[in-house]
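Remarks on the structure that follows.
A note on names: the letters A, B, ... follow the listed sequences, proteins ahead of strands, and every chain is numbered from 1.
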Amino acid sequence: MIYSDKVMEHFGNPRNVGVLDDADGIGEVGNPVCGDVMKITIKVDDDRIEDIRFQTLGCGAAIATSSIVTEMAKGMTLEEAVAITKNQVAEELDGLPPAKMHCSVLATDGLKVAVDDYLVKHGREPIAGEVKSADPDFDPHEDEDDHDAEAAS
Amino acid sequence: MDTTVYLDYAATTPTDQRVVEAMLPFFTERYGNANSLYRLGRDAARALEGAREQVASSIGAAAPEEVFFTSGGTESDNTALIGLATAGGRSSGHVIVSEFEHHAVLEPAAWLGKHGFEVTELAPRPDGAVHPDDLAAALRDDTVLVSVMHGNNEIGTVQPIAELARVTHERGALFHTDAAQTLGKIDLDVVALGVDAASFSGHKVYGPKGTGALYLKRGVRLAPYLMGGGQESRRRSGTQNVAGNVGFATALALMDAERQAEVPRLTALRDRLVERLTGAIEFAQLNAADAPERLPHIANFVIPGVEGEAMLLHLDAAGIAVSTGSACSSGSLKPSHVLLSIGCPVEFAHGSLRVSLGRFTTEANVDYLVEQLVPIVDRLRSMNPLYAKTVAALRGATH
């Protein structure tokens with residue numbers, strides 16, 4: 001299992017670390033028992049992600065995927081942000097080892113939960129759909145064997 | 001060559017230069033097959049038997065014939081588990097292994113479990129030791145084999161093997177111990193321990209990788225695991241690795257010669273590490289701190305609020321090599337089975353750090369590790385969304 005240079009670069013110098021105090025939306029996903037927990041806070045202006053921060057407890061891939069997803073999402077519309085897939089995250093990082101694909105799910109899920117949190121707070125319909133890792137009993141490893149994970153490695 | 005601060009000696013060791021020198025002639029000039037009758041073969045056979053005598057004497061075996069060479073700890077463990085359980089054509093019975101064995105014991109035990117045997121995985125206690133009373137309670141009339149490791153490779157606790165073997169023999173079963181981590185590191189005498197079989201590895205003692213041995217007490221039956229030309233008294237077929245075994249034996253002789261000075265030196269380094277690391281990092285704890293006996297060179301810490309692989313990667317960037325029991329580093333889904341077996345909470349096991357010291361470790365190395373680790377832990381904790389909760393829970397638990 002070897003990380004790409006880009007994973008190592010984002011792990012060593014993660015972007016957008018922290019918490020936005022006046023966040024419009026908050027997404028918390030993962031479970032400490034599994035070793036991965038992520039929190040994303042967003043500022044929204046005119047349905048666009050104006051600012052974004054993350055905090056992550058997790059391995060090198062978890063930190064790198066969190067970092068890159070904040071970079072990708074910044075400036076996107078809410079619709080664009082929730083459409084980011086785990087494979088796009090992995091591609092952006094020049095690939096992830098198959099056993100680490102669940103980390104990119106965590107990152108995209110954190111973003112989705114934050115977006116829906118914003119929408120629901122403003123009396124609007126959520127758009128992200130079901131997010132499994134927001135459930136405290138979610139096992140991030142359960143879809144490790146799926147074909148997408150193989151393809152993106 | 002580089003400036004790595006190597007603190008992972010329990011994973012492997014560099015081959016000692018003196019060992020390399022001893023091995024070199026056997027690659028080129030003294031290349032004979034130890035089973036050939038002509039002079040070149042006899043020369044190799046003499047070297048091989050000299051290596052066997054050295055290993056036998058070092059481990060306190062009654063005779064050199066009780067030692068046979070293998071490709072390392074994994075082969076020795078696999079051979080012992082499967083070869084002892086199935087000796088004489090036996091196809092059923094009860095086998096006991098401890099929960100925190102190396103996978104080289106757990107996996108063949110699981111294989112036996114799928115092939116007619118019943119397997120009990122015996123839990124160690126939170127002090128990191130397998131207790132003889134617990135073993136006595138697990139033994140049955142149909143128990144054929146018990147395997148408990150001598151020194152645990154992750155937490156460094158030493159098991160009371162002599163008592164465990166005695167309890168086992170009282171119920172008529174055989175006793176095997178994986179001694180890969182204790183060989184050369186502490187005094188080890190297979191007769192005093194009273195074991196029927198013991199596994200050893202060369203690369204943990206500054207010998208070459210791919211070498212090792214299995215001690216088998218005279219009279220104990222073993223179904224061979226590797227079959228073929230009948231080398232090693234038919235117990236392990238395959239042309240012997242003369243250069244490797246000479247290297248292994250030379251390495252062991254050096255361990256024996258230097259142990260009296262090395263044990264107190266490493267113990268002092270380990271204690272310095274434990275004191276400094278737990279003093280510098282809030283909530284850091286030594287795992288199995290209450291162990292009745294521990295190896296001088298291994299210290300395993302839990303550092304709450306961080307994930308082990310992230311810690312390891314940052315340390316690597318600072319030129320330090322250590323290991324962790326986090327799930328993410330192992331490629332498996334669960335964190336260290338060893339830490340879980342002694343009651344370490346899962347979320348903390350993800351943040352474990354194993355530091356293992358050796359021949360070339362200095363005080364400066366240990367201090368450098370602590371110095372580098374402090375800001376890494378601070379940084380990772382500041383990125384942990386749950387750290388405030390973790391701190392509250394830890395503070396609550398201490399009141």
Side-chain angles (χ1 to χ4, degrees), chain A residues 1-3 7-20 23 26-41 53-67 70 96-103 106 110 113-114 136 139-145, chain B residues 283 302-320 322-337 339-340 343-353 372 375-394:
Chain A
M1 192 202 77
I2 292 173
Y3 285 136
V7 170
M8 290 308 294
E9 202 275 314
H10 272 266
F11 167 72
N13 305 292
R15 328 289 199 259
N16 304 310
V17 174
V19 180
L20 293 168
I26 300 174
E28 281 183 282
V29 290
N31 180 339
V33 171
C34 299
D36 308 301
V37 186
M38 184 196 192
K39 178 178 181 176
I40 282 193
T41 50
R53 295 281 187 279
F54 82 91
Q55 284 188 315
T56 292
L57 164 66
C59 64
I63 290 170
T65 52
S66 303
S67 169
T70 61
L96 277 176
K100 298 290 188 179
M101 279 303 289
H102 68 266
C103 296
L106 194 76
V113 173
D139 177 358
H141 304 288
E142 71 186 0
D143 63 357
E144 212 141 77
D145 296 329
Chain B
F283 307 119
V302 150
I303 302 180
V306 299
E307 192 281 331
E309 188 203 271
M311 199 162 38
L312 184 146
L313 291 172
H314 279 306
L315 286 170
D316 178 48
I320 300 170
V322 291
S323 69
T324 164
S326 84
C328 279
S329 68
S330 63
S332 73
L333 308 186
K334 285 186 180 162
S336 157
H337 70 290
L339 295 177
L340 298 181
C344 177
V346 178
E347 58 271 36
F348 290 168
H350 285 294
S352 73
L353 186 75
Q372 293 295 312
I376 290 169
V377 170
D378 282 347
R379 184 174 177 198
L380 290 172
R381 281 175 170 173
S382 76
M383 289 175 64
N384 173 355
L386 296 180
Y387 189 57
K389 270 190 202 168
T390 303
V391 169
L394 286 165

Can you check whether Ile303(B) reaches Met311(B) side chain to side chain, under 4.5 Å on heavy atoms?
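When only atoms from C-beta onward are counted, Met311(B) and Ile303(B) do touch, with a gap below 4.5 Å.
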
With the side chain counted from C-beta on, respond yes when Thr65(A) and Leu106(A) share a heavy-atom pair under 4.5 Å apart, and no when they do not.
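When only atoms from C-beta onward are counted, Leu106(A) and Thr65(A) do not touch, as no gap falls below 4.5 Å.
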
Pair Ser326(B)-Glu309(B), side-chain hydrogen bond (donor to acceptor under 3.5 Å, both in side chains): steps then yes or no
CA-CA 6 Å; Ser326(B) 84; Glu309(B) 188 203 271; 5.9 Å; no

Using non-hydrogen atoms and a 4.5 Å limit, figure out which bit of Arg379(B) sits close to chain A: side chain, backbone, both or neither.
side chain

Report which part of Val17(A) has an atom under 4.5 Å of a heavy atom belonging to chain B: side chain, backbone, both, or neither.
side chain

What's the separation between atom CE in Met38(A) and atom CE in Met383(B), rounded to the nearest 0.5 Å?
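Result: 9.5 Å between the selected atoms.
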
For residues 53-62 of chain A, which side-chain N or O atoms pair as donor and acceptor with protein atoms under 3.5 Å away, sequence neighbours left out?
unit_1	atom_1	unit_2	atom_2	d
Arg53(A)	NH1	Asp51(A)	OD1	2.9
Gln55(A)	NE2	Ser382(B)	O	3.2
Thr56(A)	OG1	Ser66(A)	OG	2.7

Taking all non-hydrogen atoms of both residues, which atom of Val306(B) and which atom of Arg381(B) are closest, and how far apart?
CG1-CG, 3.8 Å

Judged by atom type as modelled, is there a donor-acceptor pair below 3.5 Å linking the side chain of Thr324(B) to the main-chain atoms of Ser352(B)?
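Checking the backbone N and O of Ser352(B) against the side chain of Thr324(B), a donor-acceptor pair under 3.5 Å is found.
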
Close approach to chain A in residues 385-392 of chain B, criterion heavy atom under 4.5 Å
Pro385(B), Leu386(B)

